[in-house]
Peer 1: 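Mind having a look at this structure? Questions to follow.
Protein chains get the first letters and strands the later ones, always in sequence-line order, with residue 1 at the start of each.
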Amino acid sequence: MTFPAVRVRFAPSPTGYLHVGGARTALFNWLYARKHGGQFLLRIEDTDKARSTDESTRAIFDGLTWLGLGWDEDVVHQGANLERHGHDAQHLLDGGHAYRCFCTADELEQRRKHAAASKDAFKYDRRCDRLDPTEVARRVAAGAPFVIRFRVPEGITSWDDMVHESISFPNKDVEDFVILRSDGTPIYNMAVTSDDVAMRISHVMRGDDHISNTPKQILLYRALGAELPRFAHFPMIHGLDGKKLSKRHGATAVADYQHMGILPQAMNNFLALLGWSPGSDREVMTMEEMVWLFSQDGLLRKASVFDPKKLEWMNGQHISRLSGAELAPLAAATFVRFGLLAPDDPALPEPWFHRVLDFVKERCRTLDDLARLARPFLPHVKLEIDPALVESHLRKDPVLTRQLLLESADMLGGLDGWKPVVMEGALRALAERRGVAAGKVFQPMRVALTGSTVSPGIFDVLSQLGRDVSVTRLRDAAALLA
RNA sequence: GGCGGUAUCGUCUAGGGGACUAGGACACAGCCCUCUCAAGGCUGGAACACGGGUUCGAAUCCCGUUACCGCUACCA
């Protein structure tokens, strides 16, 4: 027996940026396709011309590209398939699965309000389905506008969801939904089903806000005589307050995290763990490992809360585990933004640059941290010491500090060899001679050497900087105190 | 209101009838390491929503309640 080909799709509507919930849906689809050697397709659902923008479409492409979630065939623009959607709807009408409805939007609105006022559940009452055929023909001939409604049959509609177990809806709770607007364009469920059939989608995997659309789509598949795909409904992602993630929660676009210095693999890793678990305590994973570990058995049903703190932690883990060479291209844009490198800077592929990244990466949680910490070790960047730091760390005890700086400069300048262990012995001896705690020597040195109170160990800093630069910076700082 | 879904530490989760004194991670607190900051190590507080069943035995299965979420458009 052969398994049907796995073909999945991510189908966002281009009405904003790519937000983290969408990204997670795309990720799961991508992971599933990779896992099973199938295709991951992208379809832009732009049938709502009023809300769709090219800018949003671009944002979706950019977001997916940044995350590394490439799609396998040409992008499908739903709007290009309007004709087929219309045909399918017509086919349904011809086959007796649908009927014309002449009720206007205003009338419907009135009836809905009326129902709400008397606390009744509103459901279309099928009055147009009871119209006499000659009356229908008369109205059509007279040019009366109409929509096409699907005639929901009796019975119950259910399916085995890959995330949930069996979900079922009594058809009496599903109203005769509109499939074609009066202007001949399709409504969501019609367009989606028509496209999914045409694209031979095998697994429809999306957010669980679509659960109540599923019975409608299943009914459409059946009326169209098409084979049903498998369905999977992923739980929503909420903000810290437990409410649906929205702008109120701060950053919700994947691009926001990109600009905050989050690595795409960390974003994917973090998102994957929202609604999926490998079934063990495994947390930090590469994309390859996730593909390997991904399984529908690990799919969770409960909505999860997006916690930016944990994302940052995870980002730090990824940064530390990547080599300087791997980090360089990922960090390039950030270094450019910090004014430390030019776009396509020749330093990017240089081993010395990679060594700098390796030198500081362990203490970073974001690429911004990386840029900040790497700065003092970039030979072409002039060291600047924040005046506030000069005040708080050097001018506290200017005479002694200047003395210590000068002495260490002399001492280091004449040191036999440039080894951290040797420096340590000499510097500690110096502190002892002057009767001060070692930290009293090291911290001013750190500020003098890096312009910061945070850096790798001071002897490693000296070693990385080299003797000449180190001595110069110590003397320069001392000069500030003269 | 109707329909659907969900329920384990503050958060992400492990758990699939006995291995649960409920495990890990983030966050938080303390300690260790230590020249700073991270990383790392150790320790601590912190959860099975509630009520009924089923069973010798329930976090795990069933029912109900509650809470939360989603859908309820000629939006997607």
Peer 1: Has R51(A) got a side-chain N or O lying under 4.0 Å from the OP1 or OP2 atom of A76(B)?
Peer 2: no
Peer 1: With both distances under 3.5 angstrom, what nucleotide forms a Watson-Crick or G-U wobble pair with G4(B)?
Peer 2: C69(B)
Peer 1: At under 4.0 Å between heavy atoms, what does L311(A) touch on the DNA or RNA strands: base, sugar-phosphate, or nothing?
Peer 2: nothing
Peer 1: So which nucleotide from U13(B), G2(B), A73(B) ends up closest to the side chain of E175(A)?
Peer 2: A73(B)
Peer 1: Mind calculating the distance between NZ (K49(A)) and C1' (C75(B)) to the nearest angstrom?
Peer 2: 12 Å
Peer 1: Decide yes or no, distance alone: a donor-acceptor N/O pair under 3.5 angstrom between the base of G2(B) and the side-chain of D120(A).
Peer 2: no
Peer 1: How is F459(A) classified with respect to the nucleic acid when contacts are heavy atoms under 4.0 Å: base, sugar-phosphate, or nothing?
Peer 2: base
Peer 1: Under 4.0 Å between a side-chain N/O of H238(A) and OP1 or OP2 of C69(B), yes or no?
Peer 2: no
Peer 1: Please work out which of the three classes, parallel, tilted or perpendicular, describes the rings of Y188(A) and H210(A), given edges at 30° and 60°.
Peer 2: parallel
Peer 1: So what does G22(A) touch, heavy atoms closer than 4.0 Å: a base, only the sugar-phosphate, or nothing?
Peer 2: nothing
Peer 1: Respond yes when some side-chain nitrogen or oxygen of R181(A) is under 4.0 Å from OP1 or OP2 of A76(B), and no when none is.
Peer 2: yes
Peer 1: Check every atom of C26(B), A76(B), G5(B) against the side chain of I211(A) and return the nucleotide holding the closest atom.
Peer 2: G5(B)
Peer 1: Side-chain N or O of R365(A) versus OP1/OP2 of A27(B): is the shortest distance under 4.0 Å?
Peer 2: yes
Peer 1: Is any side-chain nitrogen or oxygen of R112(A) closer than 4.0 Å to OP1 or OP2 of A73(B)?
Peer 2: yes
Peer 1: How long is the line joining CD of E424(A) and C1' of U34(B), in whole Å?
Peer 2: 11 Å
Peer 1: Look through every strand shown and name the nucleotide pairing with A19(B) as Watson-Crick or G-U wobble, where both distances are under 3.5 Å.
Peer 2: none
Peer 1: Is any side-chain heavy atom of I237(A) closer than 4.5 Å to one of H19(A)?
Peer 2: no
Peer 1: Heavy atoms under 4.0 Å, any strand shown: does I458(A) hit a base, just sugar-phosphate, or nothing?
Peer 2: base
Peer 1: For D176(A) and U72(B), give me the distance from atom CG to atom C1', rounded to whole Å.
Peer 2: 15 Å
Peer 1: Hey, does A438(A) reach any base, or is it just sugar-phosphate, or nothing, if we go heavy atoms under 4.0 Å?
Peer 2: nothing
Peer 1: Any side-chain to backbone donor/acceptor pair from D161(A) onto H233(A)? Under 3.5 Å, distance only.
Peer 2: yes
Peer 1: Give the rounded distance in Å between these two atoms: NZ of K113(A) and P of A73(B).
Peer 2: 13 Å
Peer 1: Could one point to a donor on the side chain of K310(A) or the base of A27(B) with an acceptor on the other under 3.5 Å away?
Peer 2: no
Peer 1: Base, sugar-phosphate, or nothing for V147(A), non-hydrogen atoms under 4.0 angstrom?
Peer 2: base
Peer 1: Under 4.0 Å between a side-chain N or O of K302(A) and OP1 or OP2 of U8(B)?
Peer 2: yes
Peer 1: Rounded to the nearest angstrom, tell me the gap between atom CZ in R363(A) and atom P in U34(B).
Peer 2: 15 Å
Peer 1: Report which part of the nucleic acid S455(A) touches: base, sugar-phosphate, or nothing (heavy-atom distance under 4.0 Å, all strands).
Peer 2: base
Peer 1: Can you find an N or O donor on one side and an acceptor on the other, under 3.5 Å apart, linking the side chain of S182(A) with the base of C74(B)?
Peer 2: yes
Peer 1: Touch check for Y188(A), heavy atoms < 4.0 angstrom, all strands: base, sugar-phosphate only, or nothing?
Peer 2: base
Peer 1: What pair of heavy atoms forms the shortest contact from M411(A) to A426(A), and how long is it?
Peer 2: SD-CB, 3.2 Å
Peer 1: Just call it for E362(A): base, sugar-phosphate, or nothing, with non-hydrogen atoms closer than 4.0 Å on any strand.
Peer 2: base
Peer 1: Quick one: look up who A25(B) pairs with, Watson-Crick or G-U, both distances under 3.5 Å, and put none if it's unpaired.
Peer 2: U11(B)
Peer 1: Given the structure, check if the side chain of N213(A) and the base of A76(B) hold any donor-acceptor pair shorter than 3.5 Å.
Peer 2: yes
Peer 1: May I ask you to verify if any side-chain N or O of Q317(A) is less than 4.0 angstrom from the OP1 or OP2 atom of G40(B)?
Peer 2: yes
Peer 1: Counting the atoms with a prime plus P, OP1 and OP2 as sugar-phosphate, which does S277(A) contact under 4.0 Å by heavy atoms, base, sugar-phosphate, or nothing?
Peer 2: sugar-phosphate
Peer 1: Please state how far atom CG in D460(A) lies from atom C1' in U34(B), giving the value in whole angstrom units.
Peer 2: 13 Å
Peer 1: Answer with base, sugar-phosphate or nothing: what part of the nucleic acid does P145(A) contact at a heavy-atom distance below 4.0 Å?
Peer 2: nothing
Peer 1: Do the side-chain N or O atoms of T47(A) get closer than 4.0 angstrom to the phosphate oxygens (OP1, OP2) of A76(B)?
Peer 2: yes
Peer 1: For the side chain of D307(A), starting at C-beta, report the closest nucleotide among G10(B), C75(B), U36(B).
Peer 2: G10(B)
